[in-house]
Amino acid sequence: MTTFTELGIAPDIVEALAGKGIVDAFPIQEQTIPLALTGQDIIGQAKTGTGKTFGFGLPLIQRLGDDPEPGVQALVVVPTRELCVQVTEDLELATSNRPAKIVSIYGGKAYEGQIEQLKAGAQIVVGTPGRLIDLANQRVLSLAGVREVVLDEADKMLDLGFLPDIEKIFSKIPAVRHTMLFSATMPGPIVALARRFMSKPIHIRATDPDEGLTQANIKHLVYRAHSLDKDEVISRILQAEGRGKTVIFTRTKRAAAKLVEELNDRGFNAAAVHGDLNQDQRERAMAAFKAGKKDILIATDVAARGIDVDDVTHVINHTIPDDDKAYLHRAGRTGRAGKTGIAVTFVDWDDLHKWALINRALEFGQPEPTETYSSSPHLYSDLDIPEGTKGRLKPAASAPPTRSATAGRREGEAAADDASRPARSRSRRRTRGGRSEGEAAVEASGATEGSAAPAEAKEPGAGTHDGKGREHHDGNAAPRRRRRRRGGRSGGAGNAAPTAQA
DNA sequence: AAAAAAG
């Protein structure tokens with residue numbers, strides 16, 4: 001393993017990282033840092049969760065010098081506000097021993113604080129396009145002194161929705177500059193387009209080109225959702241032994257809002273992030289999820305890219321994403337930094353073509369979904385979720401909720417009869433802090449592993465998804481079953497849930 | 001077509 005020192009990173013930065021236990025460089029960092037330090041333009045591509053942020057962040061910081069003049073000299077552009085916050089935090093960590101100041105410029109927030117920090121002379125700006133342009137137009141933000149530019153999630157930043165903004169931003173930045181583009185996905189046409197903004201870029205892939213882009217440490221499970229009660233099946237997955245944090249993706253903001261309500265009514269501890277919420281709500285949801293106060297995050301694609309939360313063991317695609325890129329980024333919220341994860345996808349009747357596309361593009365090797373539908377749910381790939389769900393994904397017969405020995409105590413209330421509880425009241429199941437982890441990270445190289453082959457997924461036993469005993473979280477007792485608000489089935493997930501929770 | 005991103 002290479003250290004950051006060996007890659008040419010200055011002692012004060014190395015020390016700042018070491019304070020957080022970050023000592024060894026990931027392959028993408030090994031490959032990009034020395035080159036980026038020389039000012040080489042770079043298109044950096046590496047799998048999700050393998051250290052791209054520091055791949056561009058450390059050389060960017062170092063190239064500004066240890067005591068840069070006041071004024072904006074480096075710009076990192078990101079596609080979402082939450083990622084903006086996260087990247088800012090990462091860069092702040094790396095600069096904790098030097099005076100360079102970083103300011104986060106994104107929408108939904110008061111102007112004053114951002115403007116103040118700019119006036120105070122911040123050298124590094126991390127921002128989303130809209131507010132960056134806004135402040136540039138107001139002449140509060142000058143990009144004329146920028147010499148380091150990064151597009152994070154670069155393929156996203158260059159797609160049709162963002163391209164005009166990006167062009168506008170680049171038009172305000174001097175042509176002589178150092179430019180870096182990073183993403184896990186870099187389609188050929190986007191790379192070609194990207195060259196317009198770069199000079200003699202080198203395309204670095206920290207993966208074998210013919211290896212595929214899926215993380216080998218993520219197991220992929222795909223369900224046909226036709227005639228399936230998704231909420232019910234998801235409830236069961238959420239009760240899997242060994243489940244850590246879970247991100248559930250929906251296609252629409254409305255679906256996210258509805259699902260968070262449904263799951264919380266069922267006694268889960270979920271938060272939602274999507275564009276219909278105000279920024280304060282979004283940030284509180286993210287903070288609660290990161291801190292473990294909520295162990296389920298329900299999100300639109302706003303959280304599909306870049307978001308890095310420790311101990312996400314499951315990603316659930318409530319609705320299948322649009323294409324292989326979106327799939328890969330969503331699934332990549334788990335299996336980060338060498339850990340293992342599970343990605344579960346539900347394929348609706350109308351979305352079979354999307355699954356076909358993803359299956360082909362990511363070389364999952366699953367049978368093409370051409371066979372006629374029967375009324376019984378069909379599983380495309382093997383399962384790793386609680387026994388009793390396999391092959392029979394209908395709601396189970398109702399059964400008394402399993403009150404597990406590991407369930408956290410409710411806050412300030414005695415255990416009341418579940419069924420008698422008013423439907424609207426929330427059960428506050430405490431997420432237990434201190435999930436004991438103890439596992440050594442799996443070989444932290446996303447670069448040397450083959451792509452996933454879910455078809456032959458074996459059954460390592462619920463809870464240990466690598467079969468090696470890692471990832472034994474024990475903080476996920478089955479929530480109390482709540483009376484359904486809406487009519488319909490009153491079936492419980494109870495008897496499908498693993499009974500041995502302790 | 002949806003989501004994201006300025007207000």
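Every value quoted in this text rests on a predicted model; they were computed, and no experiment measured them. Letters go in sequence order (proteins before strands), and every chain restarts at 1. In what follows, every heavy atom counts, from backbone to side chain, and hydrogens, waters and symmetry copies are set aside.
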Pairs under 3.5 angstrom only: tabulate donor-acceptor contacts from the side chains of residues 164-176 of chain A to other protein residues two or more places apart or in another chain.
from	atom 1	to	atom 2	distance (Å)
A/E167	OE2	A/R196	NH2	2.2
A/S171	OG	A/K168	O	2.6

Quiz item: How would you list, by chain and number, every residue that makes a salt bridge (charged side-chain N to carboxylate O under 4.0 Å, His left out) with A/R63, sequence neighbours excluded?
Solution: A/E148

Quiz item: In residues 179-187 of chain A, which ones come under 4.0 Å of DNA chain B, going by heavy atoms?
Solution: none

Practice problem: Taking side chain to side chain contact (heavy atoms under 4.5 Å, CB included) as the test, write out the residues that go with A/K101, two or more places apart. | Solution: A/A122, A/Q123

Self-check item: Test log, rule side chain to side chain contact (heavy atoms under 4.5 Å, CB included), inputs A/R333 and A/T48
Solution: CA-CA 8 Å; A/R333 294 321 95 210; A/T48 52; 3.9 Å; yes

Quiz item: Any idea how A/F346 and A/Y223 line up, ring-wise: parallel (<30°), tilted (30 to 60°), or perpendicular (>60°)?
Solution: parallel

Quiz item: Which nucleotides of nucleotides 1-7 of chain B have their base under 4.0 Å from a protein heavy atom (B), which only their sugar-phosphate (S), and which neither (-), written as one string 5' to 3'?
Solution: BBBSBBS

Quiz item: What pairs meet the salt bridge (Lys or Arg N to Asp or Glu O under 4.0 Å) rule with one or both residues in residues 271-283 of chain A, with sequence neighbours excluded?
Solution: A/E82-A/R282, A/K109-A/E283, A/K253-A/D276, A/D280-A/R284

Quiz item: Salt-bridged, A/D348 to A/K230, with N to O below 4.0 Å?
Solution: yes

